[in-house]
Amino acid sequence: MRQQLKIYARHKTLILMFLPGFLVFLLFAYVPIYGITIAFKDYKILEGILGSPWVGLEHFRYLFSGQGFIDALRNTVIIALLKYVFVFPAPIILAIMLNEIRLTWFRRTIQTVTYLPHFFSWVILGGILFTFLGRDGGFNRILGYFGLEPTSWIIEPSSFYAVIVSTDIWQSIGWGSIIYFAALSGIDPTLYEAAIADGASRWRRIWHITLPSITPVITIMLLLSIGNFLSVGFDQIYNLMTPTTSSIADILDTYVLRRLLTMNYELGAAAGLFSSVFGLILVFAANWLVKLYDKEQGIW
């Protein structure tokens with residue numbers, strides 16, 4: 001213990017720098033975990049969490065028997081799969097494409113332009129998109145030059161998922177590509193020089209050098225994102241959802257919000273706990289599959 005205290009004393013400056021972040025994480029990430037017990041209780045505000053009686057898994061049985069939760073879960077899974085297929089690879093593709101550009105000023109300009117949407121909240125972006133994608137908006141005017149009929153893209157159920165995926169790519173592609181740019185900058189340039197000397201085309205260099213070199217980073221980012229599989233972007237969905245699209249846009253996060261607004265805290269807590277446990281199971285499963293393919297990869 002004395003030896004350990006000496007080590008702490010020698011690094012007291014680093015410990016002091018670490019404490020604020022640790023306390024914030026403890027306060028907002030671990031202390032609220034106690035509230036999970038609401039999912040197993042007949043919660044009464046006046047009696048508090050401790051005084052409320054236990055009901056076991058009653059709320060979960062009611063949750064899974066209710067059509068509202070099942071519909072929200074179905075919509076969440078559909079949107080999540082669409083985002084993994086189209087949104088997750090987008091920053092990787094952008095980073096590789098810009099890495100192949102030799103004009104520094106052009107590459108930095110594209111990076112800056114693609115970063116910008118990330119710094120706007122979905123409240124602002126939602127207002128912009130409702131105007132731009134409305135029947136009299138700029139997008140329909142562009143399509144009008146090609147003889148296409150105007151459509152209210154956001155409020156049409158048939159096009160809502162396409163709007164969700166495309167706007168998410170627009171908002172996140174630049175910011176998400178930063179980590180892949182960092183990974184690309186660490187590739188040994190002599191590998192490309194040797195490939196060029198051997199007559200490899202640009203596509204061959206990307207396929208055999210660039211992608212294998214950043215595969216560990218892609219794997220880690222994929223595993224980390226799988227934990228949030230059922231968190232498909234509450235801000236985006238909530239600000240773009242309309243009464244006409246609510247049947248396909250209602251997700252678990254908006255379902256939980258409705259339960260909280262109606263003071264049905266038990267169902268909201270049960271739905272939130274289900275989402276967290278499901279994400280944890282997916283992380284373990286995905287990490288196990290990655291380990292089967294390559295023991296050097298994975299989170300642990």
Side-chain angles (χ1 to χ4, degrees), residues 17 21 25 79-122 125 162 164-229 231-233 235-236 279 282-300:
M17 294 173 62
F25 192 73
I79 295 175
L81 291 175
L82 288 173
K83 287 193 173 186
Y84 271 98
V85 172
F86 297 103
V87 179
F88 181 80
I92 304 172
I93 296 172
L94 176 66
I96 293 176
M97 289 175 62
L98 293 182
N99 187 61
E100 296 297 317
I101 296 176
R102 295 294 171 256
L103 295 175
T104 304
W105 67 268
F106 182 75
R107 182 171 64 249
R108 290 180 177 176
T109 301
I110 298 298
Q111 285 178 288
T112 302
V113 171
T114 54
Y115 290 166
L116 285 178
H118 173 79
F119 298 100
F120 293 94
S121 71
W122 276 106
L125 294 178
I164 289 296
V165 171
S166 59
T167 55
D168 194 17
I169 292 175
W170 169 62
Q171 193 265 350
S172 63
I173 187 171
W175 187 258
S177 66
I178 292 177
I179 191 168
Y180 300 111
F181 279 124
L184 289 170
S185 65
I187 301 176
D188 188 355
T190 59
L191 295 175
Y192 292 108
E193 294 171 1
I196 293 173
D198 288 340
S201 63
R202 176 167 294 186
W203 171 249
R204 288 292 182 183
R205 296 197 297 271
I206 292 174
W207 186 255
H208 294 289
I209 299 176
T210 304
L211 282 176
S213 297
I214 65 174
T215 295
V217 177
I218 296 175
T219 303
I220 294 298
M221 295 301 296
L222 180 61
L223 290 176
L224 293 176
S225 66
I226 283 178
N228 297 317
F229 180 81
S231 299
V232 293
D235 292 344
Q236 181 193 21
L282 283 181
V283 169
F284 274 95
N287 191 74
W288 176 72
L289 290 174
V290 169
K291 287 288 188 181
L292 288 180
Y293 175 74
D294 186 352
K295 294 183 178 181
E296 300 298 323
Q297 301 295 329
I299 301 177
W300 60 83

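Here the side chain of Asp188 pairs a donor or acceptor atom with the backbone of Thr190 at under 3.5 angstrom. Using a distance-only test at 3.5 Å, with no hydrogens or angles considered, no donor-acceptor pair links the side chain of Arg205 to the main chain of Ile196. Side-chain atoms of Gln236 come within 3.5 Å of backbone atoms of Ile164 as a donor-acceptor pair (strictly under, hydrogens ignored).
Counting heavy atoms of neighbouring residues, nucleotides and ligands inside a 6.0 Å radius, atom CD1 of Ile179 does not exceed 12 of them. In this structure, Tyr115 places its OH atom where more than 12 heavy-atom neighbours from other residues, nucleotides or ligands lie under 6.0 Å away. Around the CZ atom of Phe25, the shell of radius 6.0 Å holds no more than 12 heavy atoms that belong to other residues, nucleotides or ligands.
With values rounded to the nearest 0.5 angstrom, Lys83 atom NZ is found 8.0 Å from Ser172 atom OG. We find the CD1-CG distance between Ile178 and Leu94 to be 10.5 Å, quoted to the nearest 0.5 Å. Once rounded to the nearest 0.5 Å, the distance linking CD1 of Ile187 with CG of Leu191 reads 8.0 Å. Going from atom CH2 of Trp170 over to atom OG1 of Thr114 covers 12.0 Å, rounded to the nearest 0.5 Å. Taking CD1 of Ile110 as the reference point, atom CH2 of Trp105 lies at 8.5 Å (rounded to 0.5 Å). Here the CD1 atom belonging to Ile101 is positioned 13.0 Å from the CZ atom belonging to Arg108, to the nearest 0.5 angstrom.
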| said: I'd like to know whether Ser213 forms a side chain to side chain contact (heavy atoms under 4.5 Å, CB included) with Ile209, so could you lay out the CA-CA distance, the side-chain angles of the two residues, the decisive distance to 0.1 Å, and finally the verdict. | reply: CA-CA 6 Å; Ser213 297; Ile209 299 176; 4.3 Å; yes
| Do Ile206 and Ile96 pass the side chain to side chain contact (heavy atoms under 4.5 Å, CB included) test, and can you show the C-alpha distance, the side-chain angles, and the key distance before you say yes or no? | CA-CA 8 Å; Ile206 292 174; Ile96 293 176; 3.8 Å; yes
| field | Tyr84/Ile79 under side chain to side chain contact (heavy atoms under 4.5 Å, CB included): CA gap, chis, key distance, verdict | value | CA-CA 9 Å; Tyr84 271 98; Ile79 295 175; over 6 Å; no
| field | Residues Ile169, Phe88; criterion side chain to side chain contact (heavy atoms under 4.5 Å, CB included); working and verdict | value | CA-CA 8 Å; Ile169 292 175; Phe88 181 80; over 6 Å; no
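Nearest heavy-atom pair, Ile226 versus Ala286, reported as atom, atom and distance to 0.1 Å: CD1-CB, 3.5 Å. Nearest heavy atoms, Ala95 versus Leu184: O-CD1, 3.4 Å. Closest heavy-atom contact between Gly176 and Pro91: C-CB, 3.5 Å. Taking both residues in full, the closest heavy atoms of His208 and Pro212 are given as O-CG, 3.4 Å, listed atom of the first, atom of the second, then distance. Across every non-hydrogen atom of Val283 and Leu223, the tightest pair is CG2-O, 4.0 Å. The two residues Phe181 and Leu98 make their nearest non-hydrogen contact at CZ-CD1, 3.5 Å.
No side-chain heavy atom of Thr219 sits less than 4.5 Å from a side-chain heavy atom of Pro216. Put simply, the side chain of Val85 does not reach to within 4.5 Å of the side chain of Val165, judged on heavy atoms. Taking the side chain as every heavy atom from C-beta outward, Ile92 and Ile214 approach each other to under 4.5 Å. Between Tyr180 and Ile93, the closest side-chain pair of non-hydrogen atoms is not below 4.5 Å.
The aromatic rings of His118 and Trp175 lie parallel to each other, their planes meeting at an angle below 30°, with 60° marking the opposite boundary.
For the residue pair Thr210/Tyr192, the side-chain donor-acceptor check at 3.5 Å is satisfied.
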